[in-house]
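Here is the structure we will look at.
All ligand and atom numbering here is 1-based and tracks the order in the structure. The structure displayed is predicted, hence computed values, not measured ones. Counting begins at 1 with the first residue of the sequence.
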Amino acid sequence: MTNEPIPELGGYDEPSLDKAFAALEQQARSDAARLTGDEATEAYRLQWLGRKQGRLNDVSTRWLKAAPPEAKKSLGQRFNALKATVEQLLEQAAGGGPSDAALAAEAIDITLPGTRRLLGAEHPITRTMNEIVSVFAALGYSVGVGPEVETDFYNFESMNFPPGHPARDTQDTLVIANQDRRPLRDRLLLRTHTSPVQMRTMERQPPPVRIVIPGKVHRNDAQDATHSPIFHQVEGLCVDTNITFSDLKGTLDHAMKALFGSDVKTRFFPSFFPFTEPSADVQISCIFCGGKGCRKCKHSGWIELLGCGMVDPAVFAAVTEERRKIDPSDDAYNPEKITGFAFGMGVERIAMIQHGISDIGHFYSGDMRFLEQFP
Ligand code: PHE
């Protein structure tokens with residue numbers, strides 16, 4: 001290390017100052033380059049920056065303080081630059097090798113187990129919905145979707161609920177505000193069922209149609225153990241030549257057996273929907289008591305599960321009217337040539353029966369104690 005004393009200055013002119021400071025910087029750099037370990041670095045710091053014996057302190061007393069006033073500024077700038085260089089060299093030397101203690105503090109024990117992130121799982125509603133869809137996919141059905149914000153035309157009119165028809169009141173519709181200036185047909189609402197996608201599918205696609213439509217629907221229902229203003233349905237539509245009510249019965253009987261077990265029985269009760277004729281409600285034998293009667297089936301032995309029926313010719317007429325706006329000769333949905341059936345089921349209700357869930361609210365609570373039961 002350099003320990004020769006600070007030399008006399010050759011003069012206060014710029015070239016002399018440059019030369020003198022360049023020599024010092026050179027020493028500082030070559031000393032710093034040879035530093036090894038914490039002790040040497042500390043010695044270097046004392047040697048150059050030490051308050052009393054440091055070389056920079058010497059430079060200050062011998063050169064700066066003795067300088068004539070007109071040279072002070074120029075000297076001062078060079079002094080500050082040299083000091084900054086030494087400090088930087090020190091920082092580099094210190095940063096070059098962290099101490100063993102610092103290393104130990106940062107060390108990771110690679111034999112410790114890692115942080116396990118929880119894996120997500122399908123929500124029970126999604127799961128049941130997919131299960132229903134795959135039962136029909138195996139029968140050759142494809143999957144369709146449609147918008148949740150729907151027009152009056154698709155949700156009601158095309159499904160044979162004419163304006164002012166009392167059946168509209170049964171749907172407890174949530175409507176979008178400030179639509180009064182639009183024609184009724186175009187007014188927006190939250191779809192009350194997945195049936196509008198029947199129309200959306202048929203206006204684009206000629207028979208044969210075999211489609212299931214899983215999706216979210218909305219009704220202005222108060223929440224209780226079995227009702228929620230938002231719930232899910234799976235719609236089904238099959239249109240082709242010679243589709244009969246026995247096809248409907250066979251298809252749904254098979255689907256119920258696939259979902260609830262092969263010993264489940266089905267029965268069809270007369271019902272009413274504007275878009276099917278005849279219409280039926282499908283009941284399955286109670287899966288809790290096997291049909292003997294229990295609290296779950298209100299001692300009837302049967303559980304009502306879904307609505308269905310043969311597509312009403314009025315729906316085919318509405319489809320034809322729409323298709324003729326594009327091709328005036330379209331006759332694909334002539335009810336003399338083709339027939340079809342449709343059905344719609346509530347996903348929550350099916351999931352509740354599958355898992356013995358007594359309150360629909362559990363599905364939407366986000367409570368992990370509930371969700372973790374469906375890993
Ligand atoms: N859309 C009816 C409902 O939501 C269910 C249904 C669908 C009935 C298809 C018959 C045919 O209640």
Under 4.5 Å between side-chain heavy atoms, hopping through other hydrophobics if needed: is there a path connecting I303 to V135?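 Linked within one cluster.
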
Side chain, backbone, both or neither: which part of S279 has a heavy atom under 4.0 Å from ligand 1?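 For S279, there is no contact with ligand 1 at all, from either part.
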
If we set the cut-off at 4.0 Å for heavy atoms, which region of F343 has an atom near ligand 1: side chain, backbone, both, or neither? backbone

I'd like to know if R191 contacts ligand 1, where contact means a heavy-atom distance under 4.0 Å to any ligand atom.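 Heavy atoms of R191 never come under 4.0 Å of ligand 1.
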
Judged by non-hydrogen atoms, does F341 sit under 4.0 Å from ligand 1?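 Outside the 4.0 Å threshold, so no.
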
Close-contact set for ligand 1 against [X] heavy atoms, below 4.0 Å:
X: S195; value: 1 (N), 7 (C)
X: E235; value: 7 (C), 9 (C)
X: Q233; value: 3 (C), 4 (O)

What I want to find out is whether [X] reaches [Y] closely enough, with some N-O distance under 4.0 Å, to be called a salt bridge.
X: E14; Y: R78; answer: yes
X: R324; Y: E321; answer: no
X: D253; Y: K257; answer: yes
X: R200; Y: E322; answer: no
X: D221; Y: R219; answer: no

What is the nearest protein non-hydrogen atom to atom 5 (C) of ligand 1, stated with its residue, atom name and distance? G344 CA, 4.0 Å

Among all the protein's non-hydrogen atoms, which is closest to atom 2 (C) of ligand 1, and how far away is it?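 Atom 2 (C) of ligand 1 sits closest to the protein heavy atom F275 CZ, 3.7 Å.
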
Considering only heavy atoms, which of R219, M159, M345, M310 lies nearest to atom 12 (O) of ligand 1?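 It is R219 whose heavy atom sits nearest to atom 12 (O) of ligand 1.
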
Heavy atoms from other residues, nucleotides or ligands near CD of E70 exceed 12 (cutoff 6.0 Å):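 Counting neighbours around CD of E70, more than 12 heavy atoms of other residues, nucleotides or ligands fall under 6.0 Å, so yes.
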
Nitrogen or oxygen of H193 less than 3.5 angstrom from that of ligand 1: yes

Is it the case that Y333 and E203 place a side-chain donor and acceptor less than 3.5 Å from each other? no

